[in-house]
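None of these values were measured; they are calculated from a predicted model. All values below come from the heavy atoms of this structure, side chains included, with hydrogens, waters and symmetry mates left out. One-based numbering, in listed order, for ligands and for the atoms of each.
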Amino acid sequence: MAANPQFIKYVDDHQADFIDRLRQAVEIPSVSGNLDYVKDVEDMAEFLVKQLTSLGVKVEKRPIGSHKIGETEVALPPVVIGEIGNDPKKVNLLVYGHYDVQPALKEDGWDYDPFKLTPDPNGSGRLYGRGSTDDKGPVMGWLNVLEAHQKLGLELPVNLKMVFEGMEENGSENLDKFIASEKDKFFKGVDVMCISDNYWLDTKTPCLTYGLRGINYYEIKVQGPARDLHSGVFGGTIHEPMTDLIAVMSKLVSPSGEILVPGIKELIAPVTADEQAKFEKIHFSLQDIEGAVGAQTTLSNDTVTTLMGRMRNPSLSLHGIEGAFYAPGSKTVIPAAVKGKFSIRLVPNLGIKNTTDLVVKYVQDEFAKLGSKNKLDVYLTHGGEPWIADPNHYNYRAAHKATVEVYGQEPDYTREGGSIPVTLDFANILGLNVLLLPVGRGDDGAHSTNEKIDTSNYINGTKLLGSYMYELAAIDKQ
Ligand SMILES: C[C@H](N)C(=O)N[C@@H](Cc1c[nH]cn1)C(=O)O
Ligand SMILES: [Zn+2]
Ligand SMILES: [Zn+2]
């Protein structure tokens with residue numbers, strides 16, 4: 001059943017209001033995992049509570065315990081849950097999104113203040129701001145759908161439950177426990193789930209995503225002297241933590257992207273003919289990835305190899321070194337302790353545990369080879385397993401129809417290179433088919449400088465989420 005035409009018209013007529021809603025959300029710098037922004041993350045939860053309440057949703061803010069940021073114990077951001085409708089004849093749809101964002105500073109290289117939603121002055125329709133696509137745009141999309149129905153006096157075609165968290169960018173701590181504890185309470189009766197927290201592959205082809213890579217995030221801590229030292233006075237006399245750390249980190253991945261940890265490559269499942277055919281069908285060109293990256297630096301010149309590198313093979317990325325000198329100027333310090341950070345994107349057969357066993361042993365062996373008197377510790381900070389869903393389920397068929405209605409074209413079926421670890425918890429704990437229904441484009445720059453969402457994706461995305469509900473209500477469930 002196509003969406004109510006009044007709904008589609010309302011969305012077209014209220015674009016400016018919807019952009020204003022996103023503007024308000026982006027202005028709250030809800031960076032998770034950072035002491036300086038704890039209050040902002042709480043404010044963002046409160047913003048959602050107010051908005052949802054005014055849209056007729058029964059809302060609750062649930063505490064889910066506390067965690068340490070550095071040495072300070074603070075409350076975890078609350079989970080915001082809401083529900084609207086409980087007609088036993090309707091499908092029960094659960095929607096998830098996150099209201100926290102990645103860090104962003106203007107001096108990282110943003111053209112505009114990352115926490116002011118800024119329309120492209122050249123009129124391209126791009127709306128720049130941290131969280132515009134990851135994940136405030138899609139979350140506001142659901143609120144827009146509710147607003148349209150409320151203002152038009154239309155009943156929703158499904159019963160809707162919503163769960164919004166504020167720790168997705170930092171491992172979704174305790175959300176699995178919350179899901180398990182609410183399995184027979186808030187989540188009781190849910191039929192299917194939809195998550196809009198990933199992106200199209202390119203800039204023009206909508207897609208439905210049925211897989212995610214997992215993630216293991218590691219820290220390597222190297223400690224030596226009791227305090228930072230003068231490199232003129234002590235250089236050449238002691239084992240330096242940074243030198244040890246760089247030596248070990250340089251052994252993790254080659255410049256051509258090959259993971260050097262022994263045993264990992266061997267675990268990757270061989271490509272089947274069916275899989276090869278699926279990858280060859282996807283609309284994608286090297287120009288798409290070059291456009292998104294802003295440079296011609298792909299590891300391979302072959303499209304399918306590049307796609308597989310992103311979706312079905314593991315990758316290891318080096319992220320940073322805490323404790324290292326990075327400011328302008330020429331400070332001649334020997335840092336006393338440094339923490340190297342890296343992550344591995346996981347794929348089927350490469351799980352949290354077997355990968356960690358290989359990584360820890362290898363890092364310790366490589367450190368031992370250095371003969372250093374410093375201390376090294378390597379540990380997993382958070383992990384999420386890889387996930388694959390059944391794309392033939394009625395949940396996907398409904399989204400397929402909605403995509404054709406809104407965009408006039410068939411969606412690609414993709415697997416996401418990024419990770420949404422909680423997807424697996426929802427799928428396994430609640431036994432649900434989960435649909436990943438992206439709103440933004442492949443060049444949106446999530447996590448990057450100048451993150452944006454195109455107005456057309458935000459507005460058509462709102463229509464898509466609404467149309468999906470209508471299709472879900474009408475689709476043959478067999
Ligand atoms: C795909 C999703 N929007 C996302 O960005 N997920 C993050 C999750 C994460 C895990 N550790 C830190 N962040 C990602 O894939 O990096
Ligand atoms: Zn996200
Ligand atoms: Zn993210």
Side-chain angles (χ1 to χ4, degrees), residues 22 25-26 29-34 41 44 67 69 76-77 95-104 114 129-142 163-176 194-201 207-219 292 310-311 314-320 341-347 352 355-356 379-387 389 414-426 434-453 457 461:
L22 182 57
V26 167
S30 48
V31 178
S32 56
N34 185 319
V41 179
M44 187 62 209
H67 70 148
I69 303 182
L76 282 161
V95 160
Y96 160 93
H98 64 91
Y99 63 82
D100 62 322
V101 294
Q102 287 275 319
R130 175 56 90 224
S132 54
T133 194
D134 182 14
D135 187 31
K136 290 180 175 176
V139 170
M140 295 308 118
W142 282 112
V163 51
F164 300 119
E165 69 152 322
M167 264 296 277
E168 195 275 345
E169 299 293 8
N170 276 275
S172 298
E173 209 173 323
N174 284 359
L175 192 60
D176 53 346
C194 174
I195 298 179
S196 291
D197 186 23
N198 70 306
Y199 325 97
W200 297 352
L201 262 184
C207 60
L208 310 184
T209 305
Y210 63 96
L212 286 164
R213 293 199 291 186
I215 182 168
N216 270 359
Y217 202 103
Y218 298 100
E219 290 182 357
R310 169 164 166 169
M311 294 180 188
S315 58
L316 190 156
S317 302
L318 306 177
H319 301 300
K341 306 191 182 196
F342 69 99
S343 70
I344 301 183
R345 296 290 170 171
L346 305 174
V347 295
I352 298 174
T355 304
T356 299
Y379 47 89
L380 177 80
T381 63
H382 60 270
E385 303 282 1
W387 164 85
T414 64
R415 284 160 58 175
E416 169 64 40
S419 314
I420 312 172
V422 77
T423 307
L424 211 87
D425 297 322
F426 282 114
V434 183
L435 159 77
L436 299 188
L437 185 57
V439 166
R441 300 183 187 183
D443 67 347
D444 280 356
H447 293 205
S448 181
T449 49
N450 296 329
E451 177 181 345
K452 59 90 181 163
I453 192 163
N457 281 62

Residue-level breakdown please: for R345 versus ligand 1, do any non-hydrogen atoms fall below 4.0 Å on the side chain, on the backbone, on both, or on neither?
side chain
For atom 6 (N) of ligand 1, what is the closest protein heavy atom, and at what distance to 0.1 Å?
S419 O, 2.7 Å
Geometric N/O contact D134 with ligand 1, under 3.5 angstrom
yes
Could you tell me which residues satisfy ring pair (Phe, Tyr, Trp, His ring centres under 6.0 Å) with H447, sequence neighbours excluded, listed by chain and number?
none
Considering distance alone, does some N or O of D197 sit under 3.5 Å from an N or O of ligand 1?
yes
Taking the side chain from E451 and the backbone from R130, do they hold a donor-acceptor pair closer than 3.5 Å?
no
Around atom 5 (O) of ligand 1, find the nearest protein heavy atom and jot down its residue, atom name and distance.
H447 NE2, 2.8 Å
Can you find an N or O of Y217 that's nearer than 3.5 Å to an N or O of ligand 1?
no
Yes or no on side-chain contact (heavy atoms from CB on, under 4.5 Å) for Y99 and V139, after CA distance, side-chain angles and deciding distance?
CA-CA 8 Å; Y99 63 82; V139 170; 5.9 Å; no
Backbone N/O of I420 and side chain of E168: donor-acceptor pair under 3.5 Å:
no
Nearest-neighbour protein heavy atom for atom 13 (N) of ligand 1, which is reported as residue plus atom name and distance:
E169 O, 3.5 Å
Treating R213 as the side-chain partner and G417 as the backbone partner, does any N or O pair qualify as donor plus acceptor under 3.5 Å?
yes
With side-chain contact (heavy atoms from CB on, under 4.5 Å) as the test, would you mind laying out the steps for D444 and W200 before giving the verdict?
CA-CA 9 Å; D444 280 356; W200 297 352; over 6 Å; no
Can you tell me if E169 uses its side chain to pair, donor with acceptor, with the backbone of V31 under 3.5 Å?
no
Nitrogen or oxygen of E168 less than 3.5 angstrom from that of ligand 1:
yes
H382 versus ligand 1: do any nitrogen or oxygen atoms come within less than 3.5 Å of each other?
yes
Worked check of side-chain contact (heavy atoms from CB on, under 4.5 Å) between D134 and D197:
CA-CA 6 Å; D134 182 14; D197 186 23; 3.0 Å; yes
Need the ligand 1 atom indices (1-based, order shown) with element for anything under 4.0 Å from a heavy-atom of G418.
15 (O)
Distance in Å, E416 CD paired with W387 CH2, rounded so as to fall on 0.5 Å steps
10.5 Å
Say whether, by atom type as modelled, one donor and one acceptor occur between the side chain of R345 and the main chain of N216 under 3.5 angstrom.
no
Please list, in number order, the atoms of ligand 1 under 4.0 Å from a heavy atom of Y199.
3 (N)
Under 2.8 Å from the Zn ion (ligand 2) - protein N/O/S, by chain and number:
H98 NE2, D134 OD1, D197 OD1, D197 OD2
Short question: side chain of Q102, backbone of A446 - any donor-acceptor pair under 3.5 Å?
no
